[in-house]
Amino acid sequence: MSESLRVDLLVIGWGKGGKTLAAKAAKAGRRVVLIERDAAMAGGACINVACIPTKALVHAAATRRPEEDPQTYLAEAIRNRDSLVAKLNAANRAMLAGSVTVVIGEARFVGPRRVSVIADGERLEVEAAAVVVNTGSGPRRGGVPGADLPHVHDSISIQHLARLPERLVVVGAGAVGLEFAQMFAEFGSEVTLLSRGPVLAAEDEELRASVLGVLADSGVSLVEGVEVVEVTPASVVTTAGTFAADAVLFATGRVPVVPEGLGAAGVDVDERGYIAVDEQLRTSADGVWAVGDVNGGPQFTYISLDDYRIVASQLLGSGGRRRDDRVAVPTTTFVTPPFARVGLTEREARERGLDVKVATRDVAKLAMMPRPKTVGDTRGVVKVVVDAGSDEVLGFAYHGIDAQEVVNVVALAMRAGVSATQLRDGIWMHLSSTELLNEILDFG
Ligand SMILES: Cc1cc2nc3c(=O)[nH]c(=O)nc-3n(C[C@H](O)[C@H](O)[C@H](O)COP(=O)(O)OP(=O)(O)OC[C@H]3O[C@@H](n4cnc5c(N)ncnc54)[C@H](O)[C@@H]3O)c2cc1C
Ligand SMILES: NC(=O)c1ccc[n+]([C@@H]2O[C@H](COP(=O)([O-])OP(=O)(O)OC[C@H]3O[C@@H](n4cnc5c(N)ncnc54)[C@H](O)[C@@H]3O)[C@@H](O)[C@H]2O)c1
């Protein structure tokens with residue numbers, strides 16, 4: 001049997017941007033269908049397999065006491081993570097229940113704004129006035145011999161290991177590589193991190209050294225400037241020698257996940273295979289938008305959420321919001337302690353010929369921010385780059401506790417035109433990590 005539906009909005013994929021849009025549009029009285037291909041992915045990657053489960057494991061690893069048995073501890077951490085994910089997954093289902101028609105099955109375009117899906121053994125066709133593609137990205141697997149051996153993992157499968165590997169080799173040192181390398185070292189594995197080029201190459205040297213220092217202290221052996229040649233059942237063969245491994249993680253970036261039938265829908269992709277969009281996230285097909293990782297923008301949950309705002313402004317509002325409205329977007333890599341940045345590095349600022357004032361401090365030496373001392377983690381370094389003429393904060397990088405919070409304050413200041421002096425003279429709660437701004441920005 002086959003059924004056909006005509007609705008106002010069809011969302012393909014249960015990602016952050018799409019689910020938020022589906023809920024808002026339904027609340028505004030629109031008829032909305034959301035199609036998700038995997039029942040276990042209710043709520044999308046972030047809550048089920050990416051941000052949240054990995055940060056739960058990072059926290060568990062960082063708080064393991066040396067006397068705790070690594071195998072038992074990992075098993076417990078995985079159980080706790082599973083229980084958290086199950087709760088979030090259920091909450092996400094509940095959020096759309098009763099307002100959005102959710103269909104579980106793989107969506108495939110069969111024409112302009114027309115999609116076909118097999119759900120519960122039946123074929124359903126959905127035609128919509130507006131279609132939003134939110135199908136995400138998937139891990140890029142290593143294209144070397146042996147990369148499909150059973151002990152070779154991506155960022156999802158490595159989270160479900162039955163036993164902690166004695167020796168783990170991590171290939172790729174982006175956010176995933178850094179977070180997992182340190183996490184597994186702290187769980188008790190012997191970890192080797194292999195990187196093609198220098199790790200955190202875009203960062204100023206003080207920050208790079210600080211992050212690499214904590215990785216080394218956690219027991220991660222870093223090898224830079226190396227290419228993987230082959231994976232064997234017990235090793236990773238590289239241009240810099242052979243590394244023993246009973247598990248291997250490929251953390252070598254992401255590839256787009258696009259629905260089949262983009263041609264039938266008139267939706268173009270770019271040279272990397274991501275759906276091509278303009279500054280309002282419109283695709284080449286009228287009435288079709290792409291949000292989240294699949295549109296080739298920065299791959300963060302909060303960017304997918306901002307993509308939602310851009311599409312919502314067109315479908316439910318006055319249509320003004322654009323991608324190029326984004327200013328001072330912060331990032332955080334969740335090593336322990338975390339490393340956050342917003343804006344320019346000193347090197348970038350100087351390369352642009354800007355006249356800058358720069359301050360760098362070790363967290364341990366910040367007299368006006370006692371919080372790290374009270375929680376027993378004084379690792380890290382903080383650096384700020386200020387325009388000497390305008391007093392504008394050009395860049396801020398902080399490796400230390402609460403970095404993911406402090407960077408948001410600085411990012412907001414940069415967006416709102418709050419000067420470095422105003423940030424320095426801010427009345428910041430004692431004890432908070434924000435207090436570091438009172439000290440680091442005091443150039444006097
Ligand atoms: C290990 C890891 C850790 C991360 N940590 C962070 C972090 O700490 N902070 C952060 O901001 N970002 C983090 N990210 C990035 C973040 O997870 C992604 O940017 C974000 O989840 C992308 O969401 P999205 O909106 O693109 O869609 P997704 O959440 O990827 O959802 C896409 C959905 O579409 C479904 N789908 C695909 N094709 C079809 C189809 N044809 N039909 C129906 N459904 C389909 C998929 O099953 C999936 O559920 C992390 C990523 C990884 C891999
Ligand atoms: N804390 C966070 O916000 C967070 C955490 C994890 C992931 N993410 C997001 O997920 C995405 C994916 O992360 P990722 O770390 O997989 O990707 P990435 O693109 O950040 O890093 C991949 C690294 O692997 C290297 N590489 C690629 N192919 C290689 C090969 N064959 N051999 C050796 N090295 C190779 C690349 O040069 C790069 O340094 C990122 O875009 C990131 O934004 C965010």
Side-chain angles (χ1 to χ4, degrees), residues 9 11-13 15-21 24-25 44 46 130-137 174-175 202-203 253-254 256 258 262 266-333 340-345 347-349 351-354 356 385-387 390-397 404 407-420:
L9 172 65
V11 175
I12 307 175
K16 183 70 174 180
K19 70 186 176 188
T20 313
L21 183 68
K24 288 280 177 189
C46 180
V131 178
V132 174
V133 184
N134 185 204
T135 45
S137 64
E203 292 298 332
R254 312 277 294 170
V258 298
L262 289 183
V267 173
D268 294 341
V269 294
D270 67 17
E271 62 292 345
R272 299 174 304 153
Y274 287 93
I275 293 182
V277 291
D278 66 10
E279 289 302 309
Q280 290 183 287
L281 307 180
R282 294 176 298 197
T283 70
S284 52
D286 258 1
V288 182
W289 287 260
V291 302
D293 287 5
V294 75
N295 70 23
Q299 297 185 329
F300 300 106
T301 295
Y302 48 98
I303 294 296
S304 184
L305 182 63
D306 199 53
D307 285 356
Y308 141 75
R309 295 185 191 107
I310 292 171
V311 179
S313 83
Q314 292 159 77
L315 297 182
L316 305 170
S318 56
R321 202 174 171 99
R322 296 165 58 87
R323 207 151 58 151
D324 49 13
D325 293 336
R326 288 177 189 152
V327 177
V329 177
T331 58
T332 300
T333 303
R341 110 134 19 254
V342 59
L344 302 180
T345 62
R347 194 190 317 141
E348 284 167 335
E351 277 167 9
R352 291 181 191 193
L354 297 167
V356 292
V385 181
V386 174
D387 187 293
S390 68
D391 199 29
E392 191 189 340
V393 177
L394 298 172
F396 174 77
Q404 77 282 11
V407 77
N408 283 332
V409 175
V410 179
L412 179 61
M414 290 167 73
R415 267 175 237 144
V418 174
S419 69

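Bear in mind the structure is a predicted one, so any value in this text is a computation, not a measurement.
Thr135 contributes atom OG1, which lies 5.5 Å from atom CD1 of Ile275 (distance to the nearest 0.5 angstrom). Atom CG of Asp306 sits about 12.0 Å away from atom NZ of Lys16, to the nearest 0.5 Å. Rounded to the nearest 0.5 Å, atoms CD1 (Ile310) and CG (Leu305) are 10.5 Å apart. Rounding to the nearest 0.5 angstrom, the gap separating the CE atom in Met414 from the CG atom in Leu394 is 7.0 Å.
With hydrogens and angles disregarded, a donor-acceptor distance shorter than 3.5 Å links the side chain of Ser304 to the backbone of Gly17. Thr301 places no side-chain N or O within donor-acceptor distance of the main-chain N or O of Cys46, the cut-off being under 3.5 Å. Between the side chain of Asp293 and the backbone N or O of Gln299, no donor-acceptor pair lies under 3.5 Å. Checking side-chain atoms of Asp387 against main-chain N and O of Glu392 turns up no donor-acceptor pair under 3.5 Å.
Taking all atoms of both residues into account, the shortest heavy-atom contact from Gln280 to Trp289 is O-CD1, 3.4 Å. Scanning all heavy atoms of the two residues, the minimum distance from Ala202 to Thr345 falls at O-CG2, 3.4 Å. The two residues Pro330 and Asn408 have their closest heavy-atom pair at CG-OD1, 3.7 Å. The minimum heavy-atom distance linking Val277 with Ala290 is given by the pair CG1-CB, 3.8 Å.
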Could you walk me through whether Ser313 and Arg321 pass the side-chain hydrogen bond (donor to acceptor under 3.5 Å, both in side chains) check? CA-CA 6 Å; Ser313 83; Arg321 202 174 171 99; over 6 Å; no
